[in-house]
Amino acid sequence: MTLKNEQTISQAANQSKKISLAKFAGFCYGVKRAVETVKKLKADNPDKNIFVLGELIHNAHVIAELEKLGIKTLYEIPEKGDGICVIRSHGESPEVIEKIRHAGFEIVDLTCPDVKKVQQKAVELAKEDYFVVIVGKSEHPEVIAIKANAKLWSENVVVAVSPEQLKPYEKQIKAHKRVGVVVQTTQRITTLNSVVEYLTSVAKEIHIANTICQSTSMRQSEAKELAQNSDLMVVVGSKKSANTTHLAEILTDITKTIHIENAEELENYKDLTENSKNISITAGASTPQDVIENVIKTLSVFRS
Ligand code: SF4
């Protein structure tokens, strides 16, 4: 099946039921670039070891496919390395990059250009003595790397995903001349807004860099629009993926929404899907096309 995005995938004879697919469903350019580049690296260097530090994307099938090609996932950096070590789209801290180099690996950096921009902005703000606030989840690899880069230049760098998480720093924020804000590329705009609203009440001067990436913004806006006219939204993608989880959270506020990792999980929602007249599908930035296609096929069978 070839997917034609932003279209009605199927419509029953009585024209009363339909399944639609979002235009911005599936791989974003940063993920696409990462997957295509590692495959090409292996093809161009068949005799070299190719490693990726951490899972390249949040999808077990893609990781298994890469393993088959001889591209291995590293979960920690060995003392001695041989071959190429790839930095995935989330980016890494300067310390980790140095460790990889020190182990003896050749480095191929596939940090998404949009993530690089956030790192650079955070560094710029830290260098200019702003109190830097990174809006995001502190345990997310992208956020860890942004923070580590900025921390090289200033001690005044914190991560928060809500005003509550910033309250312990209120005294420092009030004492600082100015506050600079950057945001994890896959965050919700409402999360950024709530943090900014709080900062406005305590900071003397604020500089806000809305670094939510364009791919995330477009995916979220389109899905919100689709949700207004759907009685069920199906979000496809890993539950470990930040952008997919945020997508499901946003849509839940608008209409009935289910978040599934694959077509098999639809079995748990058979009644819901059969009783919905207008189903729309969207998917996270790390969801491969074949996983989306299987969801469409399964939904069509349920409904026939
Ligand atoms: S979600 Fe945005 S920042 Fe992340 S890899 Fe994709 S394009 Fe890059």
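Quick caveat: nothing in here was measured; it's all calculated off a predicted structure. For ligands, and for the atoms within them, numbers begin at 1 and follow the listed sequence.
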Exercise for the section: Over 60° means perpendicular and under 30° means parallel, so classify the ring planes of Phe51 and Phe105, tilted if in between. Expected result: perpendicular
Exercise for the section: Run through Val96, Asp109, Leu53, Leu110 and flag the one making a side-chain contact (heavy atoms from CB on, under 4.5 Å) with Ile87. Expected result: Asp109
Fill in the blank from the handout: At a cut-off of 2.8 Å, protein N/O/S around atom 8 (Fe) of ligand 1 gives Cys112 SG
Problem - Salt-bridge present (Glu36, Lys32; N to O < 4.0 Å) - result: yes
Practice task
Check step by step if side-chain contact (heavy atoms from CB on, under 4.5 Å) holds for Gln119 and Thr111.
Solution key: CA-CA 10 Å; Gln119 292 180 355; Thr111 306; 4.3 Å; yes
Can you list, pair by pair, the side-chain donor-acceptor contacts under 3.5 Å of residues 125-136, counting residues two or more places apart and other chains?
| residue | atom | partner | partner atom | Å |
| --- | --- | --- | --- | --- |
| Tyr130 | OH | Arg178 | NH1 | 3.4 |

Practice task
For Val196 and Thr200, work out which heavy atoms get closest and say how close.
Solution key: O-OG1, 2.6 Å
